[in-house]
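Okay, so here's the structure we're looking at.
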Amino acid sequence: MTYDYSSESKLLELPNPYRLQNRLLWLCATLLLVSGVVSLGWARSAMQDQALRLAAAPLLTGLLMLAAGLACAATAARRLRFFFGRGRPASLAPEIPAGATGGSPAADKVKDMLRQGGITYPEPQGAVEGLLYHWAPTLITAPQQVQFLARRYVFNLAAVAATLISFVFSWLVFGTEATRPWIGFLYFAFGLFFLLKPVLSQNRARLTTASLVGLIAAAIIGPVAIGLLGPSLPQLGGFSLNTQTFVMLCTALVACALAMLAVLAQVDSAPQTRASVEQGRLSMNAPPTSLMDELDRTLQAEWTERIPNRRYARIDAVVQAATPSGSFAGELFDETQPLPVSGTKPPSFAAALTDKRHLPLLLLDLYAVGLVVVAVGLSLYFVRHFDVLAGWQANRLSLLGTSAILAFVAAFCLQSSGKLWGRFNFESLLIWVEMIGSYQTSRIGTGHNFSSRMNTENDVVRTEAMTLRIWRARIESVVFGKDDVRQVTAMFSTEKEAKALASHLVQFARSQSVLVAPGSSEDQARIAALNAGERALAGPADGPSAAQISQQMRTQAALASVPPGGGGLDLDLGGVSTVTHCSRCGTQAPPGALFCARCGAALATPG
């Protein structure tokens, strides 16, 4: 089962992929532990009977069986509970922490994959790999881990097959009764050092062109050379490694063949690689950072299972308000939480027999179990009849060597299948938004400077002809082991969602305003208080204002000082203005006003 914290659905639950192999490991562990206890029991009985010559082999063999059994049990126990939290699978690139900016070369590679709309794969190298990719053309589009294992196993398979053919040809065709034991020694040493040791350590066999030429030459002239050196060679007394050599090469050949089939079963048909891209030109009365913030809010609203996106790159489009004009560039690159591909189920024994991907893995594990059973049987037979004082022929030492070879090949099979059992396919979304353009700064004011009682000014950064690119794709990725590197295997376009995101950003940009107006409730309350104060100072709307009363008093004083007949004094009474009232709200306007100070309506000009 899987492990996830605070998940609201079952989408993040993953079945244990090692469940079937764990059962086979428990079977091998039980067989080895029981056999080890039995062997130690024989050693204890021999020691109690004072027959130490019979106790050495059961004691050592029992300890080795117990160690192997505990190793199998420990491997199964470690994978008994399969925990897979939100931090897994591994990200495609290093993540950018929240609030930080930057990117990485790995993120640039993923962006280039979106831009190119394709996935690049390494080209095969060498003659053996050329034959492999010719035999399996779709292997070139398989995950890199699959290709790596396929190249390794096919090379090991070719190396083991060439060595086996050379050994059988040399032994049967050119070998004699005197040279065949030495042929077995020669090929056993060669196979142990150049083939079996690298193969068991999960490495590539050390077979080069020179080694291949040497095998061909050894098969033809090797027996003759041994025959010429026969008189000077020591006598073996019937001791031979021909059986062990044949068993080593044959079992390794079958193991490499099954491992190769298991790897090729992981190869699917050529995947689809296509990404959606939307490009447009956009202008707005706001800095580009506001569009970046809106994009961030939109992506957060679409988080998968409320799990934050994995951010691989963020570069803010910074502008300088003090600079009249300039250019900017910004981007945002996110991946949603990868979820298991729908239909992922734990493989059972019956399902594995009918599934083309799991059947070769099951056969490889069953082959390993069979080798363990034979190795345990040969070991028990050997220790039961072992006597230090007896000769090597009576003790059948070849059984011990054969059982050791079978055990090592079985370990190789279990390790090889374990690498492939841990495969998981995920799907997620990649969203990459680019913003490139120029900007201009200006100052905009609202309200009349002389007749309006409220004026506002603000500096505006206008984004001019910005290029907006949106790359979006649904990807499928694969991982072998919960902590291994994840690789993209397929991309699918999401045209509808990409257009919707572009339309949303364009609509947001067009809705930005350049005017500043008091909009809060506190601003509205203070404006109402100021208007009320002005109305109180103005007095009744139908009565004369203080200025008009003062003007009338000055006029009356001037008339009172004029003598009868005027005395040549010319009085200019044109300064006495006519009282004007607003036709909308009735507020008395000061002399010379063109607009009402209360409601802003235009006043009728006299005459």
Step-by-step side chain to side chain contact (heavy atoms under 4.5 Å, CB included) determination, Leu258 to Cys413: CA-CA 9 Å; Leu258 290 177; Cys413 296; over 6 Å; no

If we only count heavy atoms from C-beta on, is the [X] to [Y] side-chain gap below 4.5 Å?
X      : Y      : result
Trp42  : Leu380 : yes
Phe349 : Leu362 : yes
Glu335 : Leu92  : yes
Leu400 : Val383 : no
Phe480 : Leu149 : no
Thr61  : Met65  : yes
Pro338 : Arg486 : yes
Val110 : Tyr312 : no

If every non-hydrogen atom of [X] is compared with every non-hydrogen atom of [Y], which pair is closest and at what distance?
X      : Y      : result
Phe382 : Ala57  : CE2-CB, 4.3 Å
Val369 : Cys28  : CG2-SG, 3.7 Å
Ala136 : Leu264 : CB-CD2, 4.3 Å
Arg310 : Pro89  : NH1-O, 2.7 Å
Leu406 : Ala375 : CB-CB, 4.0 Å
Pro360 : Lys356 : CD-O, 3.2 Å

Measuring from [X]:[atom1] to [Y]:[atom2], what's the distance to the nearest 0.5 Å?
X      : Y      : atom1 : atom2 : value
Leu59  : Leu63  : CG    : CG    : 5.0 Å
Gln145 : Gln147 : CD    : CD    : 10.5 Å
Met260 : Arg152 : CE    : CZ    : 12.5 Å
Gln244 : Ser403 : CD    : OG    : 9.5 Å
Asp268 : Asn425 : CG    : CG    : 7.5 Å
Ile405 : Leu371 : CD1   : CG    : 11.5 Å

For a side chain to side chain contact (heavy atoms under 4.5 Å, CB included) check, start with the C-alpha distance between Leu66 and Leu32, then their side-chain angles and the critical distance, and finish with the verdict. CA-CA 6 Å; Leu66 289 178; Leu32 289 170; over 6 Å; no

The single option from Leu339, Val479, Val341 passing side chain to side chain contact (heavy atoms under 4.5 Å, CB included) against Phe426: Val479

Start with the C-alpha gap between Asn242 and Phe188, add the side-chain angles, then the distance that decides, and say whether side chain to side chain contact (heavy atoms under 4.5 Å, CB included) holds. CA-CA 8 Å; Asn242 291 331; Phe188 184 84; over 6 Å; no

Please determine if Asp112 and Arg115 form a salt bridge, counting it only when a charged side-chain N lies under 4.0 Å from a carboxylate O. yes

Would you say the side-chain atoms of [X] pair up with the backbone N or O of [Y], donor to acceptor, closer than 3.5 Å?
X      : Y      : value
Thr336 : Leu429 : yes
Tyr153 : Leu261 : no
Ser417 : Leu361 : no
Gln21  : Trp421 : no
Ser39  : Pro58  : yes

More than 12 heavy atoms of other groups within 6.0 Å of Phe492 CZ: yes

Tyr367 and Thr251: CA distance, side-chain angles, deciding distance, side chain to side chain contact (heavy atoms under 4.5 Å, CB included) verdict: CA-CA 10 Å; Tyr367 177 67; Thr251 54; 3.6 Å; yes

